Chemist: 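One structure, pasted below without further comment.
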Amino acid sequence: MPATPPDGAELHSLRLAFGERLRAARREAGLTQEQLAERAGIDRAAVSEIERGQRDARLSTLLRMESA
């Protein structure tokens, strides 16, 4: 039987947890949001919104941030 997709509250919680991990990794790499955004070719506001769980990130955006 397929897994049940997360509901709205659970999805928000998962976004927040992901954002916290992204922020920790960015800081561990010694990067500001602006530096990460510039290296990944995205807007700094997008990095901020993803870190705060306010935006879903496309896979292509996640891959660019990973490479940065």
Side-chain angles (χ1 to χ4, degrees):
M1 180 171 214
T4 305
D7 64 20
E10 186 177 4
L11 189 57
H12 180 69
S13 178
L14 291 169
R15 270 196 219 108
L16 288 173
F18 176 80
E20 289 172 8
R21 291 192 304 269
L22 175 61
R23 181 180 295 115
R26 174 181 58 76
R27 288 179 175 168
E28 186 175 314
L31 297 173
T32 65
Q33 287 181 346
E34 189 168 327
Q35 290 168 326
L36 175 58
E38 184 176 318
R39 290 180 184 193
I42 61 175
D43 189 69
R44 189 215 48 88
V47 174
S48 175
E49 290 171 357
I50 294 167
E51 286 186 357
R52 289 181 285 132
Q54 295 179 340
R55 175 185 259 194
D56 285 334
R58 297 177 69 166
L59 178 58
S60 58
T61 301
L62 296 174
L63 293 172
R64 288 191 309 223
M65 287 193 297
E66 177 187 39
S67 294

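Owing to the predicted nature of the structure, the values given are computational and were not obtained by experimental measurement. We count residues from 1, following the sequence as given.
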Chemist: Evaluate the side-chain proximity of Arg52 to Arg23: yes if any heavy-atom separation is below 4.5 Å, no if none is.
Modeler: yes
Chemist: How long is the span from the CD atom in Glu51 to the CG atom in Leu16, to the nearest 0.5 Å?
Modeler: 12.0 Å
Chemist: Under the side-chain contact (heavy atoms from CB on, under 4.5 Å) rule, collect the residues that match up with Arg44, sequence neighbours excluded.
Modeler: Gln33, Glu34, Ala37, Ser48
Chemist: If you round to the nearest 0.5 Å, how far is CD1 of Ile50 from CZ of Arg15?
Modeler: 11.0 Å
Chemist: Between Ser13 and Ala9 (side chain of the first, backbone of the second, donor and acceptor by atom type, cut-off under 3.5 Å), is there such a pair?
Modeler: no
Chemist: Could you state whether Val47 and Leu62 fall into the same hydrophobic cluster, counting links through intermediate Ile, Leu, Val, Met, Phe, Trp or Tyr residues with side-chain heavy atoms under 4.5 angstrom apart?
Modeler: yes
Chemist: If the condition is side-chain contact (heavy atoms from CB on, under 4.5 Å), which residues does Arg64 pass it with, not counting sequence neighbours?
Modeler: Ala40, Ile42, Thr61
Chemist: To the nearest 0.5 Å, what is the distance between CE on Met65 and CG on Leu31?
Modeler: 12.0 Å
Chemist: If you count heavy atoms of other groups shown closer than 6.0 angstrom to CD of Glu38, is the number above 12?
Modeler: no
